[in-house]
Protein chains: 2
Amino acid sequence: MRKKQGILIIADGLGDRPIRKLDNKTPLEYAKTPNLDFLASRGMCGNVYPYEPGVRVGTDVGHLLIFGYDPKKVYSGRGPIEAYSGGLELLPGDIAFRGNFATVDDTFKVIDRRAQRITKGTKELAEAINGLKLDDGTTVLVKELTAHRAAIVLRGENLSANITTTDPGTAEEGKNLVRPEPLDDSEASKRTAELLWELTNKIYSILSSHSINKEREKEDKLPANMIIVRGPGKKPSMHTISEQYDLKCGCVAGDLTIHGIAKMTGMDSFMSSSFTGGFDTDVLGKARMGIKLLKEGYDWVVIHVKAPDLAGHDNLPDKKVESAEKIDGLIGLLIDNLDLDNCYISFTADHSTPCEVRDHTGDPVPTIISGGDVRKDGISQAGESYFSKGSLHNLTANDIFMLQMDLMGFTKKYGA
Amino acid sequence: MRKKQGILIIADGLGDRPIRKLDNKTPLEYAKTPNLDFLASRGMCGNVYPYEPGVRVGTDVGHLLIFGYDPKKVYSGRGPIEAYSGGLELLPGDIAFRGNFATVDDTFKVIDRRAQRITKGTKELAEAINGLKLDDGTTVLVKELTAHRAAIVLRGENLSANITTTDPGTAEEGKNLVRPEPLDDSEASKRTAELLWELTNKIYSILSSHSINKEREKEDKLPANMIIVRGPGKKPSMHTISEQYDLKCGCVAGDLTIHGIAKMTGMDSFMSSSFTGGFDTDVLGKARMGIKLLKEGYDWVVIHVKAPDLAGHDNLPDKKVESAEKIDGLIGLLIDNLDLDNCYISFTADHSTPCEVRDHTGDPVPTIISGGDVRKDGISQAGESYFSKGSLHNLTANDIFMLQMDLMGFTKKYGA
């Protein structure tokens with residue numbers, strides 16, 4: 001079967017709705033995007049549902065869908081992804097959580113769920129707990145992530161992810177940590193809930209007396225004396241993309257969570273200090289790295305840009321327009337440096353984050369598959385309202401993955 | 001319920017992509033097709049996925065989908081279809097293979113996997129093995145098919161299709177036949193793998209000394225002293241179309257595999273010596289036979305034309321244009337001779353075979369459902385890019401089958 005390369009740009013949370021101050025256009029429609037318009041005119045377009053119409057997904061599930069997975073089969077919580085993003089190798093049976101370094105008082109009332117967004121010293125704090133043995137021999141692994149975040153893993157026999165956690169709720173200061181409860185009648189769930197509470201007490205005891213926190217108190221900072229955990233999950237049983245389709249995949253991203261998903265799905269993931277995961281990220285640097293990976297022989301390269309999602313959550317339409325235009329510049333660099341006859345260029349988002357909603361919604365996401373021999377559908381302008389007339393309209397993220405694999409020549413024939 | 005007749009034309013592998021030398025049109029778009037344009041203007045159009053977006057299917061699976069079946073439930077390999085195409089009646093438990101008469105040396109190295117595309121004497125060679133009893137009493141059935149091809153059936157107790165076969169790979173001369181292996185731990189799979197190897201040895205022994213091969217050697221031809229087998233499968237447990245929808249179906253085709261699928265799905269199948277399965281097939285003869293069957297009272301008639309697929313595999317865009325125009329002539333004869341108020345005319349393909357890819361792809365296939373009271377969708381030209389705006393766009397082959405059954409009045413009401 002003839003093989004070609006492909007590159008996919010994921011504009012996180014880009015999908016939006018008409019906004020009054022943008023002349024009732026969406027940010028993508030309002031933005032000047034000559035390169036995306038070019039891609040649209042040479043390919044297939046549509047608004048694509050991440051999962052099913054009206055179902056809103058998180059960044060993690062959205063990316064698993066873009067990478068061709070059924071989240072019902074491989075997603076059991078954010079914990080495992082954060083473990084991968086921190087470089088922790090999960091074993092079957094491990095229970096992984098995502099966590100925040102936080103400040104609590106001695107009754108476990110939450111004073112600051114992010115310990116004043118602590119950035120320094122978390123490595124030492126994580127190391128103080130990493131390797132801890134609980135009373136029954138269960139091992140605790142901890143790895144600091146970006147800012148106040150951390151990954152926590154329980155490694156032992158007969159553990160369960162089907163429990164509630166200590167988290168009293170996001171952005172809820174003043175409430176007490178919650179004693180974990182099993183969510184089913186199994187011995188494993190009862191035991192794991194108790195182990196998590198034992199761990200919570202031990203974390204408080206270890207971190208309260210840690211020198212990093214003594215320093216912080218001297219500087220009138222709140223101590224990071226707790227890790228609040230949530231999102232328990234097990235290592236999923238899944239094939240990597242490379243195993244399933246026999247191709248080499250690379251992922252270029254600034255956001256650690258995306259690196260976690262990339263590692264979990266077997267992609268090689270690439271980072272640079274100029275990829276910040278913020279508005280100031282080096283989009284052209286990402287394009288250059290993507291081009292380099294293709295030249296080095298990667299079959300499929302994915303480039304992720306977080307900025308549009310941040311603008312959506314903060315209701316900053318102008319920033320969202322600006323990030324769409326920056327991404328258009330990234331696309332321009334790809335068009336200038338890649339041979340469209342040998343490399344398909346695709347574009348999508350993991351979900352919509354409409355500015356006025358300030359959260360992920362189930363709206364379908366603007367999507368293009370473009371390149372040499374792709375069928376054209378007559379759309380020549382990038383934007384949600386134009387794409388509703390496109391040939392990919394109402395397909396799903398999984399469909400778009402399969403269409404790319406098929407164009408590139410990596411699918412197996414069903415039948416003979 | 002009011003009943004009407006229907007006829008469906010299947011242009012095998014017709015779907016394609018824009019081709020430079022055809023002014024960036026697909027062969028169907030480039031071809032002059034006044035009759036298909038007429039059908040389009042009086043019906044519903046769309047590019048339809050054979051199975052799911054991006055999934056490429058073989059001719060066998062593609063036709064099962066067009067005939068309304070779920071291949072996951074009824075398809076277990078090409079073997080059973082070839083057995084049906086040769087007129088072998090499968091019993092539950094039989095394992096059927098497709099096979100090639102081939103030339104091997106005494107170490108079972110493949111000298112020519114088609115025995116110089118042998119055409120004469122295969123009936124006698126098949127008869128020499130047909131009815132053979134293996135050591136444990138398992139019976140072997142063999143029936144010659146077109147040219148070097150044959151169907152092989154193992155009939156006995158506790159057999160399994162979950163084995164590898166003797167085939168070292170298509171188009172691979174110089175390799176040795178492979179000793180079959182079970183693909184699971186069952187006794188049945190282990191036994192069947194051994195039986196197939198026993199059969200392979202017996203075939204060599206019987207055919208090597210056969211008079212047909214002695215003749216061939218005298219004429220300096222390679223002996224057809226082996227049958228290489230592949231595609232093992234069991235008789236599927238399935239209802240015929242007639243049983244499910246209480247209608248009488250006929251299939252007109254030149255290709256034996258299509259006859260096999262037709263018989264397996266309970267259609268009466270019709271052949272004529274002028275239906276060659278090649279570029280020179282008698283398309284107008286097929287139209288006349290279809291019209292005759294409808295006049296005789298068949299409710300649903302299917303006409304299959306193989307030529308576009310051959311042009312796709314051989315990257316012959318002009319030939320594909322020519323075959324589309326010939327099929328347009330076939331459609332013209334139908335339009336002239338059928339009352340569109342009483343007989344729907346539909347048009348589709350089993351899969352796309354883009355010339356430049358030279359293989360089946362997962363691209364959706366151009367499809368029309370036309371006739372008296374069918375809703376119109378404003379499309380008046382036949383072609384993949386026009387059809388992306390049609391009302392059937394992004395449906396599946398199973399959907400198109402159900403729409404035809406419903407228009408014709410053969411579906412049951414769900415609810416009351």
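Proteins come first, then strands; the chains are lettered A, B, ... in the order of their sequence lines, and each starts at number 1. What you see below is based on every heavy atom in this structure, not just the backbone, and it leaves out hydrogens, waters and symmetry mates.
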Bottom line for B:Glu356: the part with an atom under 4.5 Å from chain A's heavy atoms is both
Do A:Ile9 and A:Leu334 make a side-chain contact, defined as non-hydrogen atoms from C-beta onward lying under 4.5 Å apart? yes
Heaviest contributor of heavy-atom pairs below 4.5 Å to chain A, chosen from B:Ser388, B:Pro50, B:Pro364, B:Gly62, is B:Pro364
Can you confirm whether A:Ser370 sits close enough to A:Arg42 that some side-chain heavy atom of one is under 4.5 Å from a side-chain heavy atom of the other? yes
As an exercise: rank A:Thr396, A:Leu392, A:Asp399 by heavy-atom pairs under 4.5 Å with chain B and give me the winner. A:Asp399
Let me know if B:Asp363 has heavy atoms under 4.5 Å from chain A in its side chain, its backbone, both or neither. both
Taking side chain as everything from C-beta outward and backbone as N, CA, C, O, which of these in B:Arg358 sits under 4.5 Å from a heavy atom of chain A? Side chain, backbone, both or neither. neither
Using heavy-atom distances under 4.5 Å, tell me whether B:His393 contacts chain A through its side chain, its backbone, both, or neither. side chain
Less than 4.5 Å to any heavy atom of chain B: does that hold for the side chain of A:Leu407, its backbone, both, or neither? both
Among B:Thr367, B:Val365, B:Ile368, B:Val48, find the one that has a side chain to side chain contact (heavy atoms under 4.5 Å, CB included) with B:Phe387. B:Ile368
Max heavy-atom pairs within cutoff under 4.5 Å with chain A, candidates B:Asp359, B:Asp60, B:Ile19, goes to B:Asp60
Assert top hit (heavy-atom pairs under 4.5 Å, partner chain B, pool A:Lys412, A:Met402, A:Lys413) equals A:Lys413
Choice from A:Met44, A:Arg2, A:Arg375, A:Met1 maximising heavy atom contacts with chain B below 4.5 Å: A:Arg375
Just checking A:Trp300 against A:Phe401, ring centres under 6.0 Å apart? yes
Testing the 3.5 Å rule here: is there a donor-acceptor pair between the side chains of B:His259 and B:Thr257? no
Could you look at B:Tyr51 and say if it's the side chain, the backbone, both or neither that has a heavy atom under 4.5 Å from chain A? side chain
If you count every heavy atom of other residues, nucleotides or ligands that lies below 6.0 Å from A:Asp246 atom CG, does the total exceed 12? no
Distance-only polar pair, side chains of B:Lys72 and A:Tyr414, donor-acceptor under 3.5 Å: no
Just checking, any donor-acceptor pair under 3.5 angstrom between side chains of A:Arg17 and A:Ser352? no
